[in-house]
Amino acid sequence: MAYKIAVIPGDGTGPEVTAEAVKVLKAAAEKFNFKVDLTEFDFGGERYKRTGETLPDSGVEELRGFDAILLGAIGHPDVAPGILEKGILLKARFDLDQYINLRPVRLYPGVETPLKNKGPEDIDFVVVRENTGDLYTGTGGFTMRGTPHEVAVQSAVYTRFQVDRCLKYAFEYARKYGKKARGRGENNTLALSGKTNVLTYVYDLWERAFNEMGEKEYPDIAREYYHVDATCMWFVKNPEWFDVIVTGNMFGDIITDLGAMIQGGMGVAAGGNINPEGVSMFEPIGGSAPKYTGKGVINPLAAICAAQMMLETLGQDEAAGRIEEAVKFVTANKLKSLAAGKMGYSTSEVGDLVAETLVE
Ligand code: IPM
Ligand code: MN
């Protein structure tokens, strides 16, 4: 088996962490007898500064020819906020119709969480964030811009089609990877996080679709509902309540940053932008951390976990499982901290540790 992987190292510390993810990927490929055929792309801030180009349509077309995409980080201190995010990250998500943003929130052993008296058995859930609709569609505009009467409108947009395909993925995911399926609980549970008390159109649609699909097609999956603000409250107070959570794009963006913090920070949080029928893209969810660029102090575990998610999505479950075990071994036994500069090892040494553990 050979996989064609597009690698976009990107900006800032992106290339450093991507190099470690690639190191681990190659070690896993050798150990588990598959091949990875890597092609690098230079989309990012430097290319934009040089050519004015973000992710051109021709780039999207090229990316369609790959089995998966591994992304480092996008974001450059010399480029105005929004240009690269919209032009590269969001463009890839939209044009490749990566309609799921899968973000596991798992506290690995030895990793410090800011939550008092909570451990790896408590912090173990997954957020399925819808990735193509909502406030992110850019539906809206200004009138009377720059005047005292200026009006700005930006609408949360969802179609039934978008909601249904996301819910279907989330229910299927809960059936396959929920707590019962993993021997960790009585039920596989899917919780909808919404705001049905205020967003009485958009989350009414989500809630009806959620209950209809759950009742008809997934009677084996327990259903829960939380308002998004309460979701934040319970993430902090009772994270052990959660199993699989499904939510819209904007709420998903926000609650997964909170999730990343309770799992030990951006050093370890990874996500997948998934098109189950197409090309998916995996990334560490932290930014490009420009101030650490080139110093060899940034934590590559999030990028390594992104590669792990990529292998899982490609069907290399054994290799993916082994990478996760190796990461856990390294957090439990080696790293002093997950924070940049405080790991007790350099970026490439952490990559070596995971790669060595993996092949043992
Ligand atoms: C994320 C990021 C992006 C988002 C930004 C950079 C556009 O915050 O991946 O969560 O809002 O989705
Ligand atoms: Mn975000």
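Here, residue 1 is the first one in the sequence, and each next residue gets the next number. All ligand and atom numbering here is 1-based and tracks the order in the structure.
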Crowding at NZ, Lys23 (>12 non-hydrogen neighbours, <6.0 Å): yes

For atom NZ of Lys118, decide whether the heavy atoms of other residues, nucleotides or ligands shown that lie under 6.0 angstrom number more than 12.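 Result for NZ/Lys118: enclosed.
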
Qualifying residue, where the test is side-chain contact (heavy atoms from CB on, under 4.5 Å) with Ser193 and the options are Val246, Val127, Thr231: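 When side-chain contact (heavy atoms from CB on, under 4.5 Å) is applied between Ser193 and each of Val246, Val127, Thr231, only Thr231 qualifies.
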
The answer for which part of Arg103 has a heavy atom under 4.0 Å from ligand 1 is side chain

Take Lys168 and Glu217 through the salt bridge (charged side-chain N to carboxylate O under 4.0 Å, His left out) test and state the conclusion after the steps. CA-CA 9 Å; Lys168 179 164 186 284; Glu217 294 168 55; over 6 Å; no

Any side-chain heavy atom of [X] sitting closer than 4.5 Å to one from [Y]?
| X | Y | answer |
| --- | --- | --- |
| Arg93 | Thr132 | no |
| Leu301 | Val354 | yes |
| Asn197 | Lys195 | yes |

Which class fits the ring pair Phe251 and Tyr203: parallel under 30°, tilted 30 to 60°, perpendicular over 60°? parallel

Have a look around the Mn ion (ligand 2) and list protein N/O/S atoms under 2.8 Å, or say none. Asp253 OD1

Polar contact flag for Arg129 and ligand 1 (N/O pairs, less than 3.5 Å):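 By distance alone, the answer is yes.
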
May I ask which of Glu85, Arg93, Glu283 has a heavy atom nearer to atom 9 (O) of ligand 1 than the others do?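 Ranked by closest heavy atom to atom 9 (O) of ligand 1, first place is Arg93.
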
Does ligand 1 have any atom that is closer than 4.0 Å to a heavy atom of Ile285? no

Report yes if the distance between the aromatic ring centroids of Phe210 and Phe171 is under 6.0 Å, otherwise no.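 Here the rings of Phe171 and Phe210 have centres that are less than 6.0 Å from each other.
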
Distance to 0.1 Å, residue and atom name: give those for the protein heavy atom nearest to atom 8 (O) of ligand 1.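 Result: Asp253 OD1, 3.3 Å.
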
What residue and atom, counting heavy atoms only, is the protein's closest point to atom 4 (C) of ligand 1, and at what distance?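 Protein heavy atom at minimum distance: Tyr136 OH, 3.4 Å.
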
